[in-house]
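All chains are named by letter (A, B, ...) in the order of the sequence lines, taking the proteins before the strands, and each is independently numbered beginning at 1. Because the structure is predicted, anything quoted here is derived from the model rather than measured.
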Amino acid sequence: MSKEVKLPEDFSARLVAWQRSHGRHALPWQNTREPYRVWLSEIMLQQTQVSTVLGYYQRFTERFPTVQHLAEAQLDEVLAQWQGLGYYSRARNLHRCAQAVVAQHGGQFPSSAEALVALPGIGRSTAAAIASFCFEQRVAILDGNVKRVLSRLLAFEGDLASSTAEKQLWAHAQALLPEASADMPAYTQGLMDLGASLCAARSPQCLLCPVSDLCRARAQGEPTRFPIKTRKLKRSQRENWWLWLEHEGRIWLEQRPHKGVWAGLWSLPLFDTEADLLQRARALGGEPEVLPRMEHALTHFDWVLHPRRALLRQAEAADSGRWVAREELPTYALPAPLKKLLVG
DNA sequence: CAAGCGTGGCG
DNA sequence: TCGCCAAGCTT
């Protein structure tokens with residue numbers, strides 16, 4: 001008998017077995033093959049950790065039990081439910097996707113990755129996750145976890161900053177799939193579980209790994225050398241002044257444009273200079289009080305925000321925003337640092 | 001296709 | 001502290 005390993009077969013078989021015995025089975029979006037619930041979880045989990053998603057998923061499914069409920073809701077309410085989760089275009093696309101499923105697919109999610117990927121907010125990896133979990137389709141996912149697991153398994157030297165290398169890794173991911181469709185849910189979950197636990201970015205626990213003897217990175221003695229990606233995002237700085245106008249306990253909020261940072265969320269008026277802010281405040285009869293500066297980090301820049309608070313004797317209405325009572329604030333989608341500032 | 005898009009946690 | 005990372009997608 002040959003002891004030669006057959007990489008694809010052995011890898012998928014062991015991963016599936018490991019997932020069934022050691023993987024996660026009790027997350028709220030598991031133990032169901034309802035596409036609505038799986039889809040919702042996959043969107044929430046994009047670039048977001050499980051522990052963060054748990055509470056949002058619970059509240060969201062209570063408020064919107066079906067795709068029809070979500071499709072009929074106001075975008076503002078969807079955004080309010082999403083508030084604090086980040087990457088708010090996901091919420092906008094989620095709403096659009098629900099409406100497309102109702103209008104174009106009779107309220108039933110399509111059952112192939114090819115059809116799923118045509119829907120708003122569903123890319124190649126998310127489509128594959130839904131199709132493999134719900135419909136046992138043999139299609140590969142390739143998220144951050146899987147890039148790490150596979151690039152280590154194969155000691156993949158390609159630079160994942162390049163589209164060529166990423167394309168190659170997609171091909172490897174597809175080639176490693178189990179032959180049996182029935183194994184797809186456990187296999188896909190196993191990749192995610194392995195990447196989230198043993199095959200961690202910093203300190204992988206190779207001694208516990210079910211495929212450590214197949215892993216070429218481990219054989220080379222340097223598992224953390226993979227994945228290779230050279231791109232370093234250049235972070236920039238921004239500084240703005242934030243005008244907190246208040247009148248008889250109500251706060252002036254303006255909805256941000258549907259593109260850019262905090263798209264569609266409600267915010268205080270933002271100014272590029274303190275002089276601009278003072279001009280606006282004084283025109284309304286207010287004299288701003290200086291509040292402590294806030295520092296807020298986004299993915300691509302560091303933001304210094306200078307809140308200034310002005311109490312007005314009289315309030316003028318305007319089309320650009322609304323006077324909002326404190327009790328109403330929870331129904332508004334506020335950026336995380338603004339919630340901290342206003343609600344505490 | 002490179003850049004834009006949130007937030008929280010961790011070593 | 002601070003850079004990196006997390007079930008990526010859109011334009």
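Using modelled atom types, one finds no donor on one side chain facing an acceptor on the other under 3.5 Å when comparing A:N93 with A:R90. Defined by atom type and a distance below 3.5 Å, a donor-acceptor pair is present between the side-chain atoms of A:S267 and A:W242.
Position along DNA chain B of the nearest nucleotide to A:A161 versus A:A297 favours A:A161 as the more 5'-ward residue.
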Point to revise | side-chain contact (heavy atoms from CB on, under 4.5 Å) between A:L153 and A:F11, worked out | key: CA-CA 9 Å; A:L153 176 75; A:F11 175 71; 3.8 Å; yes
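A:L116 has its side chain out of reach of A:W39: every pair of non-hydrogen atoms, C-beta onward, lies at least 4.5 Å apart. The shortest distance between side-chain heavy atoms of A:C215 and A:V211 does not fall below 4.5 Å.
The separation between A:L298 atom CG and C:dC4 atom C1' is 16 Å, rounded to whole Å. As a whole-Å value, the separation of A:M294 CE from B:dT7 C1' is 13 Å. Here B:dG6 presents its C1' atom at 14 Å from CG of A:L338, a figure rounded to the nearest Å. Taking atom NZ of A:K340 as the reference point, atom C1' of B:dT7 lies 9 Å away to the nearest angstrom.
Under 4.0 angstrom from either OP1 or OP2 of B:dA3 there lies no side-chain N or O belonging to A:H300.
DNA chain C is contacted by A:R124, A:S125, A:T126 of residues 124-137 of chain A, taking any non-hydrogen atom closer than 4.0 Å. Against DNA chain C, the stretch residues 59-94 of chain A makes heavy-atom approaches under 4.0 Å through A:N93. Non-hydrogen atoms lying under 4.0 Å from DNA chain C are contributed by nothing in residues 166-178 of chain A. Near DNA chain B, defined here as any heavy-atom distance below 4.0 Å, the residues from residues 19-58 of chain A are A:Q47, A:T48, listed numerically.
Nucleotides B:dA3 and C:dC4 place their P atoms 16 Å apart, quoted to the nearest Å.
For A:D143, the listed nucleotide lying nearest its side chain is C:dG8; candidates were C:dC5, B:dC5, C:dG8.
The aromatic ring centres of A:F60 and A:Y56 sit 6.0 Å or more apart. Aromatic pair A:W262/A:Y88: ring centres not closer than 6.0 Å.
For A:D183, the salt bridge (charged side-chain N to carboxylate O under 4.0 Å, His left out) partners two or more places apart in sequence, or in a different chain, are A:R20.
The list of side-chain hydrogen bond (donor to acceptor under 3.5 Å, both in side chains) pairs with a residue in residues 70-86 of chain A, not counting sequence neighbours, reads A:R63-A:E77, A:D76-A:Q255. Counting only residues at least two apart or on different chains, the side-chain hydrogen bond (donor to acceptor under 3.5 Å, both in side chains) pairs with a member in residues 117-140 of chain A are A:R33-A:E136, A:Q46-A:T126, A:S132-A:T188. Pairs of residues two or more places apart, or lying in two chains, that qualify as ring-ring contact (aromatic ring centres under 6.0 Å, His included) and include a residue from residues 306-344 of chain A are A:W241-A:H306, A:W252-A:W323, A:W266-A:Y332. Within the structure, every pair that satisfies the salt bridge (Lys or Arg N to Asp or Glu O under 4.0 Å) test and touches residues 156-175 of chain A, not counting sequence neighbours, is listed here: A:K147-A:E166, A:E157-A:R225. Counting only residues at least two apart or on different chains, the ring-ring contact (aromatic ring centres under 6.0 Å, His included) pairs with a member in residues 135-189 of chain A are A:F156-A:H172. Residue pairs satisfying the salt bridge (Lys or Arg N to Asp or Glu O under 4.0 Å) criterion with at least one member in residues 281-299 of chain A, sequence neighbours excluded, are listed as follows: A:R282-A:E287, A:R293-A:E295.
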Shorter than 3.5 Å, N or O on both sides, protein versus nucleotides 1-3 of chain C: list them out with atom names.
{"from": "C:dG3", "atom 1": "N2", "to": "A:R202", "atom 2": "NH2", "distance (Å)": "3.2"}

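Atom CZ of A:R238 and atom CG of A:L305 lie 10.5 Å apart (nearest 0.5 Å).
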